[in-house]
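Have a look at the structure below, then the notes.
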Amino acid sequence: MESTKNLLPLSNDMKESKETERKVPTMTRKGVYTALSYMTSSVLLVMFNKAALTSYNFPFSNVITLSQMVCAFVILYVLKSFNIISFTTGESHNNSESKNSILFVPFSTLVHTFPLAITYLLYMVVTMEAVRGINIPMYTTLRRTIVAFTMIMEYFLSGKKHSRFVLGSVGIIIVGALVAGARDLSFDAYAYSVVFIENMCKAVYLASISRAGKASGLNIFGLVWSNVLICGPILFFWSLLRGDLQSTLNFPYLLYPGFQVVMVLSCAFTFFINYIVVLNTTVNSALTQAICGNLKDVFTSGFGWILFGGLPYDLFNLLGQSLGFFGSCLYAYCKLQGK
């Protein structure tokens, strides 16, 4: 039997999962690198998605999401076919069951991951709609409330509780979001509602990753593969029925090099995000993943305001952004100290 040590890192073995349930771990060097990788790629992904939806006025967000799933399917299929990665915990290179299965995973395993996949699909679709409907600074400001949703979902799904230091840092982030949006609360009720729905979907998705992985026996790549297998056909037929696929062929900028580069980079970073989000959640925690999202939102707001314009930076907005940044840094300090 060949060794599996050359497989890409997964970091979700059963021992680590059990230790994570017993206590809140300090952030390791690997955890720091994982968090930084997530924040950098996430900022770039939002910029590319925003460019496609607004700079090129591409009206079909479902097609972008479908393209991202097709890209993930192709990459995972190639990597799996050449035995560079595995989809299940402890799987060997010469696992006959996985090689003989056209899906690479048993059908019963897909059933276990179906609820997670539907949450993922809803999250992806709602995210694209949210990015389209609101300016980047306010989008990132409203997204900071995801930490509250994540803590609630972690408590109900796994009974996880957090220290007073963590609760205090999260409270500062929430206050910062409210202060930053105080001058813009009547801006667009629909767009704001979409962002809050996105927050709830992401909170459920992050809090469910660990449980779905243990129940199905899938690792990071296996979970992403299952999401794509389940969500891809659903989104394809939905886009076909809506006429989005046919209309895309008539899009005036479809063959423009600039638009094609933006789409390719959007798909590539989405695949990497799918991997790094699960890795960050398993190496650190779902709440850490949410806090990383808040921390990178500071940079997303800055770049988004410079590139796409949007909400004016008055005193309230600057104060709210500063509180959010301080709260995120305070949480990171608490994690590093093991509080």
Side-chain angles (χ1 to χ4, degrees), residues 1-17 20 30-31 33-35 37-38 41-42 45 65-121 123-124 202 205-233 235 266-286 289:
M1 182 178 295
E2 300 181 27
S3 171
T4 60
K5 63 182 180 179
N6 292 325
L7 298 178
L8 295 182
L10 303 173
S11 300
N12 69 329
D13 55 68
M14 296 301 294
K15 182 178 179 181
E16 290 182 1
S17 298
T20 301
K30 181 178 181 180
Y33 290 154
T34 302
S37 298
Y38 161 72
S41 56
S42 184
L45 177 61
T65 304
L66 181 61
S67 301
Q68 294 167 346
M69 290 185 179
V70 171
C71 177
F73 175 87
V74 172
I75 293 175
L76 289 173
Y77 186 86
V78 172
L79 293 177
K80 176 61 177 171
S81 297
F82 286 95
N83 296 321
I84 298 175
I85 62 174
S86 68
F87 285 164
T88 59
T89 304
E91 177 184 338
S92 62
H93 285 289
N94 60 349
N95 188 307
S96 59
E97 180 181 357
S98 63
K99 284 186 175 181
N100 294 332
S101 173
I102 190 174
L103 299 178
F104 289 133
V105 294
F107 182 77
S108 59
T109 301
L110 294 179
V111 174
H112 281 294
T113 60
F114 185 80
L116 180 69
I118 296 301
T119 304
Y120 169 78
L121 175 60
Y123 164 62
M124 290 289 289
K202 187 171 185 178
Y205 178 66
L206 293 178
S208 303
I209 285 175
S210 179
R211 292 167 58 90
K214 287 184 289 185
S216 62
L218 296 176
N219 57 35
I220 296 174
F221 295 114
L223 289 174
V224 175
W225 175 257
S226 296
N227 287 341
V228 171
L229 281 183
I230 295 173
C231 301
L235 190 58
S266 173
C267 292
F269 275 104
T270 298
F271 173 76
F272 182 71
I273 284 290
N274 284 331
Y275 170 73
I276 206 68
V277 162
V278 183
L279 184 62
N280 193 32
T281 304
T282 53
V283 170
N284 296 307
S285 70
Q289 167 65 30

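Values below: every heavy atom of this structure, side chains too, minus hydrogens, waters and symmetry copies.
Stacking of K80 on the aromatic ring of F221 is not recorded, the 6.0 Å distance cut-off and the 45° axial limit not both being met.
A distance of 8.5 Å separates CD1 of I273 from CZ of F269, quoted to the nearest 0.5 Å. Distance CG/L218 to NE2/H112: 9.5 Å, rounded to 0.5 Å. N219 contributes atom CG, which lies 13.0 Å from atom CH2 of W225 (distance to the nearest 0.5 angstrom). Taking CG of L121 as the reference point, atom CG of L116 lies at 11.5 Å (rounded to 0.5 Å). If you take CZ on F114 and OG1 on T119, they are separated by 10.0 Å, rounding to the nearest 0.5 Å.
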> Is there a side chain to side chain donor-acceptor pair (under 3.5 Å) between N227 and T113 once you walk through the steps?
Replying inline: CA-CA 8 Å; N227 287 341; T113 60; 5.8 Å; no

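The two atoms that bring C231 and M69 nearest to each other are CB-CE, 3.6 Å, heavy atoms only. Across S266 and L45, no two heavy atoms sit closer than the pair O-CD1, 3.4 Å. Between L110 and V105, the shortest heavy-atom distance links the atoms CD2-CG2, 3.8 Å. Nearest heavy-atom pair across F87 and L76 is CZ-O, 4.1 Å.
Aromatic ring orientation, F104 versus Y77: tilted (interplanar angle from 30° to 60°).
With sequence neighbours excluded, no residue forms a ring-ring contact (aromatic ring centres under 6.0 Å, His included) with F272.
Looking at S226, its side chain does come within 3.5 Å of a backbone N or O of G222 through a donor-acceptor pair.
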